[in-house]
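One structure below.
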Amino acid sequence: MSFFKIDERLKALAEKAEQLCAPSFEQIRRTAEYNGEKVLAAFINNGVAEMHLKGTTGYGYNDVGRDKLDEVFAEAMGCEAALVRHSFVNGTHALSTALFGVLRPGDTLLCVTGKPYDTLSEVIFGDYGGSLKEFGVKYAQIDLLPDGTPDYEKIKAAAGNAKVIYIQRSRGYSLRPSLCIDTIEKIVKAVREVNDSGFIMVDNCYGEFAETREPTDVGADLIIGSLIKNPGGGIAKTGGYIAGQSGLVELCSYRLTTVGTGAEVGCSLDENREMLLGFFLSPQTVESALKTSVFACAFFELLGYEVFPRYDEKRTDIIAALKLGNPDALCAFCRGIQKGSPVDSMAAPEPWDMPGYDSQVIMAAGAFTMGASIELSADAPLREPYAVWLQGGLTYPTGKTGILLAAQSMLDGGLIKL
């Protein structure tokens with residue numbers, strides 16, 4: 001029985017795509033199994049108990065559940081300490097907190113993977129509102145090479161006096177490759193050849209549990225991310241994390257709350273259970289998102305589109321970019337994704353002037369948690385090369401259906417030919 005009107009030719013192409021994806025799916029399964037055991041061990045080793053699922057109010061003193069979540073998270077991420085809080089409003093907030101936590105006037109922030117994600121622009125070099133620039137923090141940038149790989153020689157030439165060496169793991173709104181852990185390890189080694197006192201910070205958004213190692217396993221000092229992406233497992237309603245060296249995490253906690261109180265205050269309300277449960281589920285949720293992403297790339301490559309990465313390339317985050325070529329195709333794709341969403345499927349996405357972006361953006365996200373990109377979603381700025389960035393998928397079967405409905409939307413609009 002078919003529940004959706006999908007052209008039989010698209011269904012046949014989907015079967016062929018899944019056959020192509022089989023080896024990648026098996027690798028993703030093995031990675032998820034390893035990470036699932038790792039997270040389970042962190043829960044057991046740190047003695048998570050029923051009492052830790054409850055929250056606190058007010059000041060949040062002696063919030064044992066909040067503190068236990070930090071311990072579990074730190075062990076699973078291979079680092080000394082973590083600051084995991086529902087009070088981080090998004091990944092950008094967590095990144096901003098970390099930057100302001102460890103940088104001081106006169107310090108240099110060196111971004112070695114090109115310009116950071118759009119929403120950090122005002123944080124770093126804005127002209128008002130208390131940006132890092134206004135506080136006297138210097139900024140330097142090393143662009144990636146034309147093939148999207150780091151320029152190690154330039155990194156070594158520039159990193160000597162930098163206080164923070166910043167790495168963005170995912171591609172953002174670009175078509176360059178996301179950085180695998182092996183590449184991050186090479187950047188760390190290049191930096192340490194010339195600078196053994198600077199702090200290496202990684203924007204880890206979209207990358208958690210995509211591989212068996214995290215950036216902190218290969219020498220990064222801090223990793224930062226959002227709980228409505230990978231590590232929230234589709235359960236956490238909001239929040240983010242900062243994890244790494246204990247002294248640096250403490251500095252970041254002072255920025256989040258106040259100097260002197262840091263991580264000891266901040267009530268968890270009723271969020272502990274959902275953050276712990278979401279983290280427990282996250283390796284398998286990431287597995288579903290990765291399989292959805294791989295399938296989408298195989299399917300749209302068979303349709304004749306350029307995709308990034310290709311279906312058989314190694315995955316290091318949950319994002320795929322599909323180069324659709326024109327704004328009509330881009331909008332039709334997003335409307336199809338919306339039609340395949342469990343929430344707000346009846347909505348019709350339209351481009352809008354989204355805060356923090358320099359061009360109109362269209363977003364499809366019928367999610368249980370607003371903005372949760374671990375749930376199937378698609379978004380894109382309306383500018384060349386008219387690529388759409390796809391991420392998420394709480395389950396693979398529903399993720400696959402969403403991709404097919406996106407293709408059907410394009411087919412209905414006469415935007416693809418079979």
Side-chain angles (χ1 to χ4, degrees), residues 91-92 94-96 98-99 102-103 107-125 132-133 137-195 198-208 210-211 213-226 229-230 242-244 308-309 313-321 356-358 373 381 387 389 391:
T92 299
L95 289 161
S96 176
L99 289 168
V102 302
L103 287 163
D107 288 344
T108 296
L109 166 64
L110 174 66
C111 294
V112 299
T113 48
K115 186 179 178 182
Y117 197 62
D118 294 28
T119 54
L120 278 174
S121 293
E122 294 300 319
V123 173
I124 297 173
F125 29 76
L132 289 171
K133 175 183 174 182
V137 173
K138 303 170 188 175
Y139 175 79
Q141 177 178 310
I142 298 173
D143 291 329
L144 297 169
L145 294 170
D147 64 356
T149 58
D151 191 330
Y152 298 107
E153 292 306 314
K154 284 189 177 179
I155 290 172
K156 286 189 283 188
N161 296 317
K163 178 70 170 293
V164 168
I165 298 89
Y166 184 94
I167 300 168
Q168 181 176 295
R169 183 173 177 179
S170 76
R171 66 186 69 239
Y173 279 152
S174 76
L175 299 179
R176 60 92 161 169
S178 299
L179 301 187
C180 67
I181 297 299
D182 288 345
T183 299
I184 292 173
E185 185 173 23
K186 291 178 182 178
I187 295 175
V188 170
K189 289 180 178 178
V191 170
R192 291 304 179 218
E193 285 185 28
V194 297
N195 185 340
F199 307 132
I200 299 173
M201 181 183 299
V202 179
D203 174 354
N204 206 31
C205 286
Y206 304 103
E208 299 91 350
E211 299 187 56
R213 299 187 297 172
E214 298 296 328
T216 35
D217 290 316
V218 297
D221 299 300
L222 282 176
I223 55 174
I224 301 97
S226 165
K229 297 181 175 67
N230 301 20
I242 299 170
F308 307 87
E313 290 186 87
K314 181 179 180 180
R315 296 281 161 156
T316 187
D317 68 6
I318 64 171
I319 299 176
Y357 296 87
D358 59 6
S373 46
W389 279 260
Q391 56 272 320

Which atom names give the shortest non-hydrogen contact between Cys205 and Gly225, and what distance separates them?
-> SG-CA, 3.7 Å
Would you say the side chain of Val112 lies within less than 4.5 Å of the side chain of Pro150, judging by non-hydrogen atoms?
-> no
Flag for Tyr139-Gln141: side-chain donor and acceptor within less than 3.5 Å = yes
Any side-chain heavy-atom pair of Val164 and Leu110 under 4.5 Å | no
Six-ring centre of Tyr206, Lys229 cation under 6.0 angstrom, axis tolerance 45° = yes
Would you say Lys189's side chain and Ile184's backbone share a donor-acceptor pair under 3.5 angstrom?
-> no
Taking atom CG of Asp143 as the centre, report whether more than 12 heavy atoms of other residues, nucleotides or ligands fall under 6.0 Å from it.
-> yes
Is it true that atom NZ of Lys314 has more than 12 heavy atoms of other residues, nucleotides or ligands lying nearer than 6.0 Å?
-> yes
Taking Asp317 for its side chain and Gly207 for its backbone only, find out whether a donor-acceptor pair lies under 3.5 Å.
-> no
Tyr166 versus Leu99: any side-chain heavy-atom pair under 4.5 Å?
-> yes
If only atom types and distance count, is the side chain of Glu211 paired as donor or acceptor with the main-chain N or O of Arg213 below 3.5 Å?
-> no
Is there a side-chain contact between Lys163 and Thr108, using heavy atoms and a 4.5 Å cut-off?
-> no
Check: Asp221 side chain, Ile200 main-chain N or O, donor-acceptor pair, under 3.5 Å = yes
Mind checking whether Met201 and Ile165 have side chains closer than 4.5 Å, heavy atoms only?
-> no
Partner of Ile223 under side chain to side chain contact (heavy atoms under 4.5 Å, CB included), picked from Ile242, Val202, Asp217, Ile167, is Val202
Just by distance, do the side chain of Arg169 and the backbone of Asn204 share a donor-acceptor pair under 3.5 Å?
-> no
Within a strict 4.5 Å, meaning less than it, do heavy atoms of the Lys186 and Val188 side chains meet?
-> no
Check whether any side-chain heavy atom of Ile124 sits under 4.5 Å from a side-chain heavy atom of Leu109, and report yes or no.
-> yes
Closest approach of Lys154 to Ile142 (non-hydrogen atoms, all atoms of both residues) = O-CD1, 3.3 Å
Closest contact, heavy atoms only, Arg171 versus Ser178 | N-OG, 3.5 Å
So, Thr316 side chain and Leu179 main chain: donor-acceptor pair closer than 3.5 Å or not?
-> yes
Within 6.0 Å of NZ in Lys156, more than 12 heavy atoms from elsewhere = yes
Can you name the nearest heavy-atom pair linking Ser96 to Val123, along with the distance?
-> OG-CG1, 3.6 Å
Minimum heavy-atom distance Gly148-Pro177, with the two atoms named | CA-CD, 3.7 Å
Compare all side-chain heavy atoms of Trp389 with those of Leu175 and state whether any distance is below 4.5 angstrom.
-> yes
Is a side-chain donor or acceptor of Asn195 paired with a backbone partner of Arg192 at a separation under 3.5 angstrom?
-> no
